Amino acid sequence: MKLFWKLFLSVCTCMMLAFSACGTFLIHSGFKSAREKDIQNGYNNASVVCINLVQNVKRTINLVYRDTGYEKQKNVVVRQAAQSVSVRNAGEEVQFAIWTDEKTRIYSTNGLKGADVSICRDDLEAGQEGYKIVKRNGRYMLYTGTSFQVLDRVYYVETFSDITRDYENRDAQLRMFRMIMIIVMIVCLMLMAILNNMIVVPIRRLSKATKLVAGGRAGIRIRKRSKDEIGVLAEDFNRMSTSLNRTMKELEEKTNSQEMFTNNFAHELKTPLTSMIGYADLIRSNQLSEEKLITYANQIVVEGRRLEKMSMKLMDLIVLKKQDFLFYDMDITIFAEAVYETLLPVAGKYGVELTVNVQPAIVKLEPDLMKTVLINLFDNARKSMDGKGKISLFGVWVSDEYRIGIKDNGCGIDEENLSRLTEAFYMVDKSRSRANGGAGLGLAICNEIVKLHQAKLQIMSKKGIGTQVSVCFPKEVCRQVNSEKMEMEEEV
């Protein structure tokens with residue numbers, strides 16, 4: 001059972017038992033006192049009737065019978081005397097009846113005529129008094145009786161009164177008590193709700209937050225509502241959750257960085273290795289001139305050294321989040337030629353026609369990282385083609401901005417997918433990408449490198465026509481080689 005219900009039920013049970021016992025005792029004590037007062041009042045009325053009756057009997061004997069001739073007419077004398085008896089109590093006339101010792105009623109006022117209940121007839125003996133309460137037609141009637149002696153004979157006087165008001169008062173008090181009990185229970189419920197809000201709810205929140213943290217959602221915080229022990233516990237939990245969240249994020253970042261570095265390095269290894277294998281195969285399979293032999297061997301050495309440097313730079317960029325790389329003013333014509341030399345064997349292997357068309361410019365860049373970007377763009381362009389196709393490495397001035405990139409005549413990309421291309425692990429055509437060895441990491445790492453160069457990546461594509469991906473360098477990091485600016489139209 002919940003703590004709230006334990007508190008609520010225990011408090012309500014104790015309060016109800018205490019209130020019920022005290023309330024019931026007070027109501028029944030008051031009712032009993034009122035009823036005893038009515039009974040005593042009935043006895044007093046009967047006594048007054050007896051006294052008046054005895055006096056009237058004497059007066060009747062003196063006036064009517066002259067003290068003789070009534071021996072055989074005692075009941076008649078008593079009846080005649082009763083007719084002149086009138087007793088009032090609290091402004092109301094007292095109703096009474098007279099019974100003989102033979103339990104025969106010889107007189108009754110209008111209120112007792114035809115009554116089928118009599119305490120004098122059924123229950124009293126000489127020298128006794130008593131009462132009987134009878135419920136009739138929803139009302140409570142009090143019959144009190146007492147005996148007296150007159151004319152050397154025992155008679156009984158029975159008085160009658162309506163005491164329904166005592167029972168009505170008791171019932172009204174019980175109804176009022178029940179209403180009070182309901183109000184007390186409501187107040188108790190409200191107080192328990194407040195107590196629940198102060199004690200149980202914070203504990204429940206803490207329990208829920210603990211389950212969330214146990215489920216892996218570190219960093220959950222709960223609001224501190226008080227300065228008591230529960231508030232201190234909430235504050236300690238928040239500190240623990242924050243520390244745990246920070247530790248988990250650090251571990252996650254390290255894991256992700258290491259995983260991304262491994263995936264990216266494996267991804268970036270393919271094209272240079274293909275280039276190196278291609279040049280090595282040319283050396284092995286053909287009788288080459290000394291000049292070509294030196295050129296191809298040099299290309300293998302250059303790519304090997306670039307791989308060595310690129311591995312360290314990718315680790316610095318991805319794992320260590322390094323930003324302070326050395327940037328050089330590179331002649332784009334020479335830079336594009338070096339990229340072309342690297343990509344040429346790969347293009348030949350897959351039957352792709354590779355062309356270079358760049359306008360002269362000097363751009364501040366990190367050559368190994370930017371070469372990685374262009375190789376990635378070439379690799380994506382090559383994968384978008386079914387069979388042979390054309391890929392162009394271009395460089396062009398657009399106003400004060402210099403753009404360098406890759407353009408292909410492959411399958412193209414839907415417009416709704418363009419905005420998500422730079423997300424890690426996102427692939428437009430997953431079956432095609434996986435068949436070609438893709439992992440969806442190329443453009444994500446390219447975008448990071450481009451941002452490092454204060455540039456931006458622009459992707460334009462049309463389905464079934466082709467794709468053009470440009471690295472747009474702002475005027476702050478690029479300048480023209482000669483004074484005359486040349487512009488080219490970019491068409492997809």
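This is a predicted model, so every value here is computed, not measured. We count residues from 1, following the sequence as given. Side chains included, hydrogens not; waters and symmetry mates left out as well; all remaining heavy atoms used.
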Of all heavy-atom pairs between [X] and [Y], which one has the smallest distance, and what is that distance?
X    : Y    : answer
M385 : A381 : CG-O, 3.6 Å
A46  : T146 : CB-CG2, 3.6 Å
D400 : K475 : O-CB, 3.2 Å
G145 : C120 : CA-SG, 4.0 Å
G412 : T467 : CA-OG1, 3.6 Å
P474 : A455 : CD-CA, 4.1 Å

Can you check whether [Y]'s main-chain N or O pairs, donor with acceptor, with [X]'s side chain at less than 3.5 Å?
X    : Y    : value
E158 : I119 : yes
S33  : S29  : no
T24  : A21  : no
S461 : G466 : yes

Please report the interatomic distance [atom1]([X]) to [atom2]([Y]), rounded to the nearest 0.5 Å.
X    : Y    : atom1 : atom2 : answer
S47  : F148 : OG    : CZ    : 11.0 Å
E168 : I163 : CD    : CD1   : 11.0 Å
M185 : R178 : CE    : CZ    : 14.0 Å
I133 : R35  : CD1   : CZ    : 5.0 Å
I459 : N447 : CD1   : CG    : 8.0 Å
N169 : I27  : CG    : CD1   : 11.0 Å

Item to complete: Can you spot which of L53, I106, D101 makes a side-chain contact (heavy atoms from CB on, under 4.5 Å) with Y155?
Response: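 Considering L53, I106, D101, a side-chain contact (heavy atoms from CB on, under 4.5 Å) with Y155 is found only for I106.
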Practice prompt. State whether a side-chain donor-acceptor pair under 3.5 Å links Y107 with N75.
Written response: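 On atom types as modelled, these side chains do not qualify, holding no pair under 3.5 Å.
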Worksheet entry | Candidate pair D162 and R139, rule side-chain contact (heavy atoms from CB on, under 4.5 Å), full reasoning | CA-CA 8 Å; D162 188 345; R139 302 192 68 80; 2.8 Å; yes
Contact between [X] and [Y] at the side-chain level, heavy atoms closer than 4.5 Å - yes or no?
X    : Y    : answer
Q128 : S147 : no
I404 : F473 : yes
I465 : N409 : no
M370 : V471 : yes
K407 : M460 : no

Practice prompt. Tell me, with the steps shown, if F96 and N45 meet side-chain contact (heavy atoms from CB on, under 4.5 Å).
Written response: CA-CA 9 Å; F96 66 93; N45 291 336; over 6 Å; no
Worksheet item: Hey, is D368 close enough to K371 for a salt bridge, meaning N to O under 4.0 Å?
Response: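 No.
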Worksheet item: So, are K383 and D379 salt-bridged, with charged N and O less than 4.0 Å apart?
Response: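 Salt bridge: yes.
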Are there over 12 heavy-atom neighbours, none belonging to [X], within less than 6.0 Å of that residue's [atom1]?
X    : atom1 : result
M176 : CE    : no
K456 : NZ    : no
K37  : NZ    : no
Q149 : CD    : yes

Worksheet item: Please walk me through it: do Y131 and D38 pass side-chain contact (heavy atoms from CB on, under 4.5 Å)?
Response: CA-CA 11 Å; Y131 71 92; D38 286 334; over 6 Å; no
Discussion item. Using side-chain contact (heavy atoms from CB on, under 4.5 Å), reason through T100 and K74 one step at a time and then give a plain yes or no.
Written reply: CA-CA 10 Å; T100 66; K74 291 182 179 180; over 6 Å; no
Discussion item. Can you see whether Y156 has K103 sitting over its ring - NZ or CZ less than 6.0 Å from the centre and within 45° of the normal?
Written reply: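 Here K103 passes the 6.0 Å and 45° test against Y156.
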Worksheet item: Knowing that exactly one of T144, N89, T159 qualifies, which makes a side-chain hydrogen bond (donor to acceptor under 3.5 Å, both in side chains) with N41?
Response: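 One option only clears the test, and that one is N89.
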Practice prompt. Assign the ring pair Y140 / Y167 to parallel, tilted or perpendicular, where the plane angle (0 to 90°) is split at 30° and 60°.
Written response: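 Plane angle under 30°, so parallel.
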